[in-house]
Amino acid sequence: MRSRVMRSVGAAGERAGPARPQEGIFETLLVADGRPRRLDTHLRRLRRSYRELYRSALTADVRGAIAAAIADRPGYLRVRVDARPERPDRVQVVARNWAPPLPVTTQPGLVLRPVRVASGAAHKFADRGWIDRIEAALPDGVLPLLVDPAGLLLESTRSNVAVARGGIVATPPLDGRILPGTARQAMLDALDAAGRRYDLDAPRLDELPAADGVFLTNAIRGVQWVRAVEGVARWDAPDPVAVALGARLQPA
């Protein structure tokens with residue numbers, strides 16, 4: 001359902017980063033009944049980040065370490081893989097019991113608050129201090145929506161963002177300022193498979209009142225619809241595109 005304009009409020013002036021790369025990088029992935037979701041995509045991203053940041057190859061048997069951590073563990077798991085620059089030959093893997101992603105139609109909808117930053121982060125740094133500071137400044141139940149100084153949407157602190165308008169999805173490009181999310185890529189792959197058009201242009205914050213919906217994509221939580229962007233717009237129900245994509249990306 002089309003949004004309604006809300007009163008305008010000022011966004012916080014927090015600046016993203018810099019994270020400390022020397023503390024390492026990590027991946028998080030969802031496992032459903034022993035089957036890691038998008039494992040190859042996660043491994044490619046982890047290895048690419050490691051090489052770009054530390055100028056060496058990650059030689060650890062990451063796939064084997066994940067398999068060992070999830071062996072004989074049914075149900076849903078959240079798996080975190082940590083890699084450090086001084087030990088390319090090993091990773092630490094921790095698997096925790098987790099709830100399955102909720103279907104979009106059963107979600108209450110998220111509330112986002114615009115936060116002005118210079119940039120997001122193109123890598124999953126273990127040092128999340130700047131993210132913690134942004135999130136700690138917000139009230140419970142409100143998540144940050146990172147926006148650059150020109151008013152272009154970047155991402156949330158833990159998810160990629162997408163905007164639906166007229167059945168077309170727009171999501172920010174991979175310009176080095178946002179994480180190349182695995183769920184974001186799965187969303188684009190699903191749109192390609194369905195022959196649906198999408199735009200890799202960053203939506204503007206001031207364009208959201210005309211949007212049919214906003215949603216986040218996350219490897220663990222799936223597709224999450226947004227019911228309000230504080231001071232900008234709100235929606236009464238998820239857009240049909242978000243509902244369809246959520247069903248498509250839901251673990252079987």
Side-chain angles (χ1 to χ4, degrees), residues 24-51 57-84 87-108 110 122-126 128 155-162 169 171 174 178-196 198 215-225 238 241-252:
I25 56 176
F26 73 103
E27 281 288 324
T28 51
L29 60 146
L30 184 70
V31 174
D33 289 325
R35 300 187 304 275
R37 300 274 291 166
R38 309 182 194 103
L39 178 58
D40 290 343
T41 307
H42 281 284
L43 294 183
R44 282 195 299 269
R45 183 173 68 180
L46 180 65
R47 292 189 175 114
R48 183 174 60 247
S49 284
Y50 199 93
R51 183 174 293 278
L58 180 63
T59 58
D61 180 10
V62 184
R63 192 183 297 270
I66 292 172
I70 67 175
D72 301 320
R73 304 231 358 225
Y76 284 85
L77 303 172
R78 178 188 183 272
V79 174
R80 173 167 169 148
V81 182
D82 278 87
R84 294 189 60 88
R87 290 300 304 266
D89 60 329
R90 64 174 296 181
V91 291
Q92 180 182 33
V93 180
V94 176
R96 290 189 169 91
N97 293 330
W98 204 256
L102 289 175
V104 173
T105 53
T106 68
Q107 298 171 13
L110 303 175
H123 305 284
K124 286 180 75 75
F125 292 109
R128 309 280 279 182
E155 57 188 347
S156 185
T157 47
R158 299 174 189 268
S159 304
N160 290 114
V161 64
V169 172
T171 193
L174 300 181
I178 68 169
L179 186 73
T182 60
R184 173 189 180 277
Q185 185 58 54
M187 172 190 75
L188 298 180
D189 291 343
L191 291 170
D192 280 333
R196 299 287 296 268
Y198 55 83
F215 58 95
L216 303 183
T217 58
N218 179 280
I220 303 296
R221 299 173 183 86
V223 173
Q224 297 177 286
W225 76 281
V241 174
V243 174
L245 285 169
R248 182 69 179 268
L249 302 186
Q250 190 81 2

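We count residues from 1, following the sequence as given.
- For residues 73-84, every residue pair satisfying the salt bridge (charged side-chain N to carboxylate O under 4.0 Å, His left out) rule, not counting sequence neighbours, is listed here: Arg80-Asp82, Arg84-Glu86.
- A donor-acceptor pair under 3.5 Å is formed between the side chain of Thr171 and the backbone N or O of Val161.
- Looking only at side-chain heavy atoms (C-beta outward), Arg158 and Arg128 come within less than 4.5 Å of each other.
- With hydrogens and angles ignored, the 3.5 Å screen pairs no side-chain donor or acceptor of Ser159 with any backbone N or O of Ser156.
- Within the 4.5 Å cutoff, side-chain heavy atoms of Arg184 are placed close to those of Leu174.
- No side-chain heavy atom of Trp225 sits under 4.5 Å from any side-chain heavy atom of Thr105.
- Remark: of the listed residues Leu30, Thr28, Leu39, Val93, Val93 is the sole one forming a side chain to side chain contact (heavy atoms under 4.5 Å, CB included) with Val79.
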_Residue pair Thr182, Arg44: steps toward the side chain to side chain contact (heavy atoms under 4.5 Å, CB included) verdict_ = CA-CA 10 Å; Thr182 60; Arg44 282 195 299 269; over 6 Å; no

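- Under the salt bridge (charged side-chain N to carboxylate O under 4.0 Å, His left out) criterion, Arg38 pairs with no residue, sequence neighbours left out.
- With contacts defined as side-chain heavy-atom distances shorter than 4.5 Å, the pair Leu245/Thr217 does not qualify.
- To the nearest 0.5 Å, atoms CD (Gln92) and CZ (Arg87) are separated by 12.0 Å.
- The shortest non-hydrogen separation linking Ile220 to Asn218 is N-OD1, 2.7 Å.
- Counting heavy atoms from C-beta on, the side chains of Thr41 and Glu27 never come closer than 4.5 Å.
- Pro74 and Asp33 make their closest contact through C-OD1, 3.9 Å (heavy atoms, listed as atom of the first residue, atom of the second, distance).
- Summarising the geometry of Leu249 relative to Ala190, their closest heavy-atom pair is CD2-CB, 4.4 Å, with the distance given to 0.1 Å.
- For the residue pair Tyr76 and Ala99, the shortest heavy atom distance occurs at CB-C, 4.4 Å.
- Using modelled atom types, one side-chain atom of Glu155 and one backbone atom of Leu179 make a donor-acceptor pair closer than 3.5 Å.
- Residues Arg51 and Ala57 approach most closely at NH2-CB, 3.1 Å, considering heavy atoms.
- For the pair Asn97 (side chain) and Leu77 (backbone), a donor-acceptor distance under 3.5 Å is absent.
- Here the side chain of Gln250 pairs a donor or acceptor atom with the backbone of Pro101 at under 3.5 angstrom.
- Using a 4.5 Å heavy-atom threshold, the side chains of Phe215 and Gln107 count as separate.
- Here the straight-line distance linking atom CG of Leu46 with atom CG of Leu29 works out to 10.0 Å at 0.5 Å rounding.
- A heavy-atom distance below 4.5 Å is not found between the side chains of Asn160 and Met187.
- Contact detail for Ser49 and His123: the closest heavy-atom pair is OG-ND1, 2.7 Å.
- In this structure, Pro180 and Arg45 have side chains that are in contact, with non-hydrogen atoms separated by less than 4.5 Å.
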